Amino acid sequence: MTDIIIIGGGAAGCFAAVTAARYGKSVMVFEKNEKLGRKLRITGKGRCNVTNNSSSEEHMKNIPVNPRFLYSSFASFDAECTMRFFEELGVPLKTERGNRVFPVSDNANDIADAMEHEMKQLGVKVIQKRVTKILTENGAVCGVKAGGEEYRSAAVLIACGGKSYPATGSTGDGYTLAQELGHTVTELKPSLVPLTSPDKYCAEMMGLSLRNVTLNLFDRDKKIYSELGEMLFTHFGVSGPLVLSASSHIRDMQPNRFRLLIDLKPALSPEQLDARIQRDFAENLNRDFQNGIRKLLPAKLIPVMVKLSGISPEQKINGITKEQRHKFGELIKAFPVRISGFRPIDEAIITSGGISVKEIDPKTMESKLVSGLYFAGEVIDVDAYTGGFNLQIAFSTAYTAAVNM
């Protein structure tokens, strides 16, 4: 008989295991992967954006789905608590642009390894098996079934993630286990995911990475997201950090509703850009247009920009009118990409949707339907924008569940 069984050895599961074990409870973690924290180890391009060094109020602003549900969890365990937790485990942290917090080493393994080491120190037992059923008696949890065997406990925590990144083990098991006990699972959709485009020129520029550009996302005529950073053109459309962030602002994908405008030269005002273009033109007066803008733009982008500008590629620079030059400048400040949809959920970083928050007590993370059943992390119907906010949700809900278990 174990006090607590945790299904899932990811960010939320490991964090809950450490917390519960520190309270003197015997803890058993079931993880079907060979290694704990597999998804955690690849987050943030392998750097791991642990949290966001900002107030709980700021975190709430970055959680578009059910933020009110998290008030109690954030009040119990906020970003400051998370940073203290990892630094006390011997992982020094740093705060970067946008208050994003990373390990000083820029190595996500340090975060996962620190929790794994602490779990060993506290005697947490890790079992490499897939849980196939949660056992109940008289409406209360009494254990789990895994690998054909039964394991008894008074409390069970479902912390096995969503359906995104299935290669890391996030295959939606938590939803199935919860549904079998009567829980509702809201519609599962990809979030923080690449976007598809009907614009053929995206594929023509496949592999082109743009740095220090500003991506603007429009819902019809309303700008709903704008950020400076990096993005990438692909065979299906667009990807990269800016695009993943923008995707989480799209809640109801419809054809012809969303579009991107990319400012390729955000450091320059329209007037400064025009002056720059004039200087480049002055140096290339007798060249064809397509050859006279090589210093201004990446090579893969030039054929597309020339086509969209409406200026003939063979047009001599000295024959380009002021109006044509201004329109070309406007194109550089607002390069258009139409959006047609999301890439599949298995390419997403985060799953939007999950166990309905109406069926979970926000003060304890315990099921309102089954006594002794708890939830933490991505399996719950809450998700946030990029910047460390999703991992903070995992840690806060895991802490709340653990102290109440």
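Just so it is clear, the structure is predicted and the values come from calculations on it, not from any experiment.
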Could you go through the side-chain contact (heavy atoms from CB on, under 4.5 Å) check for M305 and F328 one step at a time? CA-CA 8 Å; M305 291 292 287; F328 181 58; 4.2 Å; yes
Could you go through D361 and K368, starting from their C-alpha distance and side-chain angles, then the distance that decides it, and tell me whether this counts as salt bridge (charged side-chain N to carboxylate O under 4.0 Å, His left out)? CA-CA 6 Å; D361 184 337; K368 292 180 179 179; over 6 Å; no
Decide side-chain hydrogen bond (donor to acceptor under 3.5 Å, both in side chains) for E227 and T214; before the verdict, give the C-alpha distance in whole Å, the side-chain angles of both, and the deciding distance to 0.1 Å. CA-CA 5 Å; E227 186 72 48; T214 295; over 6 Å; no
Starting from the C-alpha separation in whole Å, work towards a yes-or-no answer on salt bridge (charged side-chain N to carboxylate O under 4.0 Å, His left out) for E80 and R84. CA-CA 6 Å; E80 188 178 337; R84 189 184 312 122; 3.5 Å; yes
Residues N216, S226; criterion side-chain hydrogen bond (donor to acceptor under 3.5 Å, both in side chains); working and verdict: CA-CA 4 Å; N216 300 293; S226 182; 2.6 Å; yes
With side-chain contact (heavy atoms from CB on, under 4.5 Å) as the criterion, how do V141 and I134 come out once you've worked through the C-alpha distance, each side chain's angles and the decisive distance to 0.1 Å? CA-CA 7 Å; V141 160; I134 295 174; 4.1 Å; yes
For the pair E271 and R276, evaluate salt bridge (charged side-chain N to carboxylate O under 4.0 Å, His left out) and give the outcome as yes or no after the intermediate values. CA-CA 9 Å; E271 295 75 23; R276 164 70 195 276; over 6 Å; no
E330/R325 under salt bridge (charged side-chain N to carboxylate O under 4.0 Å, His left out): CA gap, chis, key distance, verdict: CA-CA 9 Å; E330 289 170 4; R325 190 185 77 232; over 6 Å; no
Run the side-chain hydrogen bond (donor to acceptor under 3.5 Å, both in side chains) test on T400 and S76 for me, step by step, so that the C-alpha distance in whole Å, both residues' side-chain angles and the decisive distance to 0.1 Å come before the verdict. CA-CA 7 Å; T400 301; S76 300; 4.6 Å; no
Derivation of the ring pair (Phe, Tyr, Trp, His ring centres under 6.0 Å) call for Y201 and F233: CA-CA 9 Å; Y201 51 73; F233 288 102; 7.7 Å; no
Stepwise side-chain contact (heavy atoms from CB on, under 4.5 Å) check, V29 with K125: CA-CA 6 Å; V29 175; K125 191 172 184 181; over 6 Å; no
side-chain contact (heavy atoms from CB on, under 4.5 Å) for H326 and D274? Distances and angles first, verdict last. CA-CA 7 Å; H326 283 169; D274 188 52; 3.5 Å; yes
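The closest side-chain heavy-atom distance from N52 to Q392 is not below 4.5 Å. When side chains are defined from C-beta on, C48 counts as touching L391, because their heavy atoms get closer than 4.5 Å. Looking at heavy atoms from C-beta onward, K94 lies out of side-chain contact with V101 at the 4.5 angstrom threshold. Put simply, the side chain of K129 does not reach to within 4.5 Å of the side chain of K32, judged on heavy atoms. Contact of the I393 side chain with the F74 side chain is registered, since non-hydrogen atoms from C-beta on lie closer than 4.5 Å. Counting only heavy atoms from C-beta outward, the side chains of F335 and L301 approach each other to under 4.5 Å. N256 has its side chain out of reach of S340: every pair of non-hydrogen atoms, C-beta onward, lies at least 4.5 Å apart. At least one side-chain heavy atom of L40 sits under 4.5 Å from a side-chain heavy atom of M115.
Between E204 and K300 there is no salt bridge, since no side-chain nitrogen of the basic residue lies less than 4.0 Å from a carboxylate oxygen of the acidic one. Between R41 and D113 there is a salt bridge, with a side-chain nitrogen of the basic residue lying less than 4.0 Å from a carboxylate oxygen of the acidic one. Comment: D252 engages R257 in a salt bridge, judged by a side-chain N to carboxylate O separation of less than 4.0 angstrom. Taking 4.0 Å as the cut-off between side-chain N and carboxylate O, D381 and K358 do not count as a salt-bridged pair. Salt bridge annotation for D199-R338: present, with a cationic side-chain nitrogen under 4.0 angstrom from a carboxylate oxygen. A salt bridge links R152 to E137: one of the charged nitrogens lies within less than 4.0 Å of a carboxylate oxygen. Under 4.0 Å is where a charged nitrogen must lie from a carboxylate oxygen, and between R47 and E96 at least one such pair does. Under the 4.0 Å criterion applied to side-chain N and carboxylate O atoms, R279 and E283 are not assigned as salt-bridge partners. Of the charged side-chain nitrogens involved, at least one lies within less than 4.0 Å of a carboxylate oxygen, so that E118 and R22 count as a salt-bridged pair. In summary, R287 and E314 do not engage in a salt bridge, as defined by a charged side-chain N under 4.0 Å from a carboxylate O.
A distance-only check finds no donor-acceptor pair linking the side chain of T136 to the backbone of G139 [under 3.5 Å]. Between the side chain of N62 and the main chain of E58, a donor-acceptor pair closer than 3.5 Å is present. Between the S396 side chain and the F77 main chain, a donor and an acceptor come within less than 3.5 Å of each other. Side-chain N or O atoms of D78 include one that pairs as donor or acceptor with a backbone N or O of C81 at under 3.5 Å. Without hydrogens or angle criteria, N390 side chain to A384 main chain gives a donor-acceptor distance under 3.5 Å. Checked by atom type and distance alone, the side chain of S248 never pairs as donor or acceptor with a backbone atom of L192 at under 3.5 Å. Although no hydrogens or angles enter the test, the distance criterion places a donor-acceptor pair under 3.5 Å between the side chain of S26 and the main chain of D3. A donor-acceptor pair under 3.5 Å links the side-chain atoms of T132 to the main chain of K145, judged by distance alone. Remark: the backbone N or O of L70 is not paired with any side-chain donor or acceptor of S73 at under 3.5 angstrom. When atom types are taken as modelled, the side chain of K265 and the backbone of L273 share no donor-acceptor pair closer than 3.5 angstrom.
Below 30°, between 30° and 60°, or above 60°: for F389 and H59 the angle between ring planes is above 60°, a perpendicular geometry. Taking the six-membered ring where the residue is Trp, F86 and F15 present tilted rings, their angle falling between 30° and 60°.
When all heavy atoms of N212 and P266 are compared, the closest pair comes out as O-CG, 3.2 Å.
Looking at Y225, F218, F258 one by one, the single match for ring pair (Phe, Tyr, Trp, His ring centres under 6.0 Å) with H249 turns out to be Y225. Checking I158, I360, L177 one by one against I355, the side chain to side chain contact (heavy atoms under 4.5 Å, CB included) holds for a single residue, I360.
Neither side chain, S209 nor E230, offers a donor N or O lying under 3.5 Å from an acceptor on the other. Counted by atom type alone, S245 and T386 present one or more donor-acceptor pairs between their side chains at under 3.5 Å.
A distance of 7.5 Å separates CG of L369 from OG1 of T184, quoted to the nearest 0.5 Å. Rounding to the nearest 0.5 angstrom, the gap separating the CZ atom in R211 from the CG atom in L228 is 12.5 Å.
Taking the six-membered ring for Trp and the full ring otherwise, the centers of Y175 and H183 sit at least 6.0 Å from each other. In this structure, the ring of F85 has its center no less than 6.0 angstrom from the ring center of F395.
In this structure, R343 forms a cation-pi arrangement with F236, its terminal cationic atom sitting closer than 6.0 Å to the ring centre and no more than 45° off the ring axis.
With a 6.0 Å radius and a threshold of 12 heavy atoms from other residues, nucleotides or ligands, H117 has its NE2 atom at or below the threshold.
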